[in-house]
Amino acid sequence: MNKINTVLILLFVCFSSLAQEVDEKEKQKSLQSSTNLTWDANKALSEDDFIAAEVDYRKAISKSADNSAAPYNLGNAYYENETYNEAFGRFKEAGEASTSKADKHKAYHNMGNVFMKRKDYAKAVEAYKEALRNDPTDEETRYNLALAKELLKKEQDENKQDQDDKDKDKDQDENKDQDKKDEGDNEDKKDQGEDGDKGDEGDEGDKDDKKDGEGDNKSDQKKKPEQGEGENEQEQQQPRPNQLSKQQVENLLRAMQNAEKKVQDKIDAKKVKGAKIKTEKDW
């Protein structure tokens, strides 16, 4: 039994090794075919035949996953045509397929370039850093990293300023709302005050009416002596210095008329001419 097991194990190892050799040969064959297609695509691209180049690159990628040159070159073709989303996908694929640091460096460097075109500076910084990890000596990558950091800082400052401006505008709006509210409260208080003043004005009006009433009474009191008939008559009856009163004049006229009548009667009776009696007023 032990000999049989040993033979079976040996046969299994032999078949496994043979299978691995066959698989490795197939991989190499596929890789070679992929490489050839890549060269054809490069040639078409150099002749400005983008469509033919794209077809060959896709075939090359499908032939072998180990061919990092095909997705990398196709990514460059997309990048030149400003198809940045497609370019990024191919550069990422190339970076994952690459086994050498040099190929990884180029893939991540170009991924950083795509992020720069998108103005996604934070991701560009990370991509350039990964590229430098694989090749710290590349000055172009280092320059791009410094530029990405500068643009990222500028963007962050602008965003901070925008946020500060928004916060400031928000505070101003809140202050305006508060001011309007305060003005409304002040208007309400003012209206209430005016109503109170109107009430006071009413009271003052009553007071003024009372004052006017009192004034009228005083005027009446002042006017009463002038308008009072009894007192006027008394004043009129009281003679002024060197002046006869009206009643005295009337009495005097009446007496003179009577005397004249008597004289006239005597004249008529005696037919004697005498001095004419003065009948005019002697004042």
Side-chain angles (χ1 to χ4, degrees), residues 18-156 158:
L18 181 62
Q20 287 178 358
E21 288 179 3
V22 172
D23 186 56
E24 186 64 29
K25 286 181 180 180
E26 286 295 328
K27 282 186 176 182
Q28 289 296 327
K29 184 178 178 180
S30 296
L31 179 58
Q32 186 60 47
S33 176
S34 177
T35 301
N36 293 337
L37 287 169
T38 301
W39 282 106
D40 291 340
N42 291 344
K43 184 174 182 296
L45 192 63
S46 66
E47 295 172 352
D48 294 329
D49 190 351
F50 175 80
I51 294 176
E54 182 182 22
V55 170
D56 287 339
Y57 282 134
R58 287 180 178 275
K59 287 180 180 179
I61 292 169
S62 64
K63 285 286 184 180
S64 176
D66 295 332
N67 181 11
S68 61
Y72 178 81
N73 289 355
L74 180 56
N76 282 337
Y78 284 134
Y79 185 88
E80 292 298 327
N81 284 315
E82 299 181 355
T83 313
Y84 299 121
N85 288 338
E86 292 291 339
F88 174 78
R90 294 305 177 180
F91 289 140
K92 186 173 184 293
E93 186 178 358
E96 293 171 349
S98 299
T99 56
S100 68
K101 285 182 175 292
D103 290 341
K104 284 184 178 293
H105 163 261
K106 291 187 293 185
Y108 281 104
H109 176 96
N110 285 4
M111 287 170 63
N113 290 348
V114 171
F115 287 129
M116 290 290 281
K117 290 291 186 181
R118 292 178 178 177
K119 296 183 179 181
D120 191 345
Y121 304 121
K123 290 183 179 180
V125 168
E126 295 304 318
Y128 289 134
K129 284 181 178 179
E130 187 63 29
L132 286 174
R133 290 187 186 101
N134 289 278
D135 185 4
T137 64
D138 192 280
E139 293 300 326
E140 184 178 348
T141 303
R142 195 175 301 280
Y143 171 83
N144 287 359
L145 174 59
L147 179 60
K149 285 182 176 180
E150 182 178 349
L151 293 174
L152 177 60
K153 185 179 183 302
K154 181 180 179 181
E155 181 183 64
Q156 291 172 342
E158 290 176 352

Hey, are the side chains of N110 and Y72 touching, using non-hydrogen atoms and a 4.5 Å cut-off? yes
Take N76 and R90, measure what side-chain hydrogen bond (donor to acceptor under 3.5 Å, both in side chains) needs, and give me the verdict at the end. CA-CA 9 Å; N76 282 337; R90 294 305 177 180; over 6 Å; no
Value for CG (N36) from CG (D56), rounded to nearest 0.5 Å, stands at 11.0 Å
If we ignore angles and hydrogens, is there a donor and acceptor under 3.5 Å between the side chains of N67 and S34? yes
For atom CD of E150, decide whether the heavy atoms of other residues, nucleotides or ligands shown that lie under 6.0 angstrom number more than 12. no
So Y121 and K154, side-chain contact (heavy atoms from CB on, under 4.5 Å) or not? Walk me through it. CA-CA 10 Å; Y121 304 121; K154 181 180 179 181; over 6 Å; no
Start with the C-alpha gap between T38 and N73, add the side-chain angles, then the distance that decides, and say whether side-chain contact (heavy atoms from CB on, under 4.5 Å) holds. CA-CA 8 Å; T38 301; N73 289 355; 4.0 Å; yes
N144 and E140: side-chain donor and acceptor closer than 3.5 Å? no
Is there a side-chain contact between N81 and F50, using heavy atoms and a 4.5 Å cut-off? yes
Inter-residue atom distance K129.NZ - N134.CG, 0.5 Å rounding: 15.0 Å
Check this for me, if you would: do R133 and E130 make a salt bridge, where the nitrogen-to-carboxylate-oxygen distance has to be below 4.0 angstrom? yes
Side-chain heavy atoms of E93 within contact of L74, under 4.5 Å: no
What closest approach, in Å, do A52 and A44 show between heavy atoms, and which atom pair accounts for it? CB-CB, 4.0 Å
Distance, nearest 0.5 Å, that separates CD of E47 from CG of N42: 11.0 Å
To check you understand the geometry: which heavy-atom pair defines the closest contact between G75 and A87, and what is its length? O-CB, 3.4 Å
CG of L31 to NZ of K63: how many Å apart, nearest 0.5 Å? 12.0 Å
Rounding to 0.5 Å, atoms CG (D103) and NZ (K101) come to a distance of 12.0 Å
To the closest 0.5 Å, what do you measure between NZ (K59) and CG (D40)? 9.5 Å
Is there a donor-acceptor pair closer than 3.5 Å between any side-chain N or O of D135 and the backbone N or O of A131? no
Could you tell me whether the side chain of K25 reaches within less than 4.5 Å of the side chain of K29, counting heavy atoms only? no
Between Y78 and F88, does a ring pair (Phe, Tyr, Trp, His ring centres under 6.0 Å) hold up when you go through it step by step? CA-CA 9 Å; Y78 284 134; F88 174 78; over 10 Å; no
Minimum heavy-atom separation for V125 to A148, with atom names? CG2-CB, 3.7 Å
List the steps and the verdict of side-chain contact (heavy atoms from CB on, under 4.5 Å) for Y128 and N113. CA-CA 9 Å; Y128 289 134; N113 290 348; 2.5 Å; yes
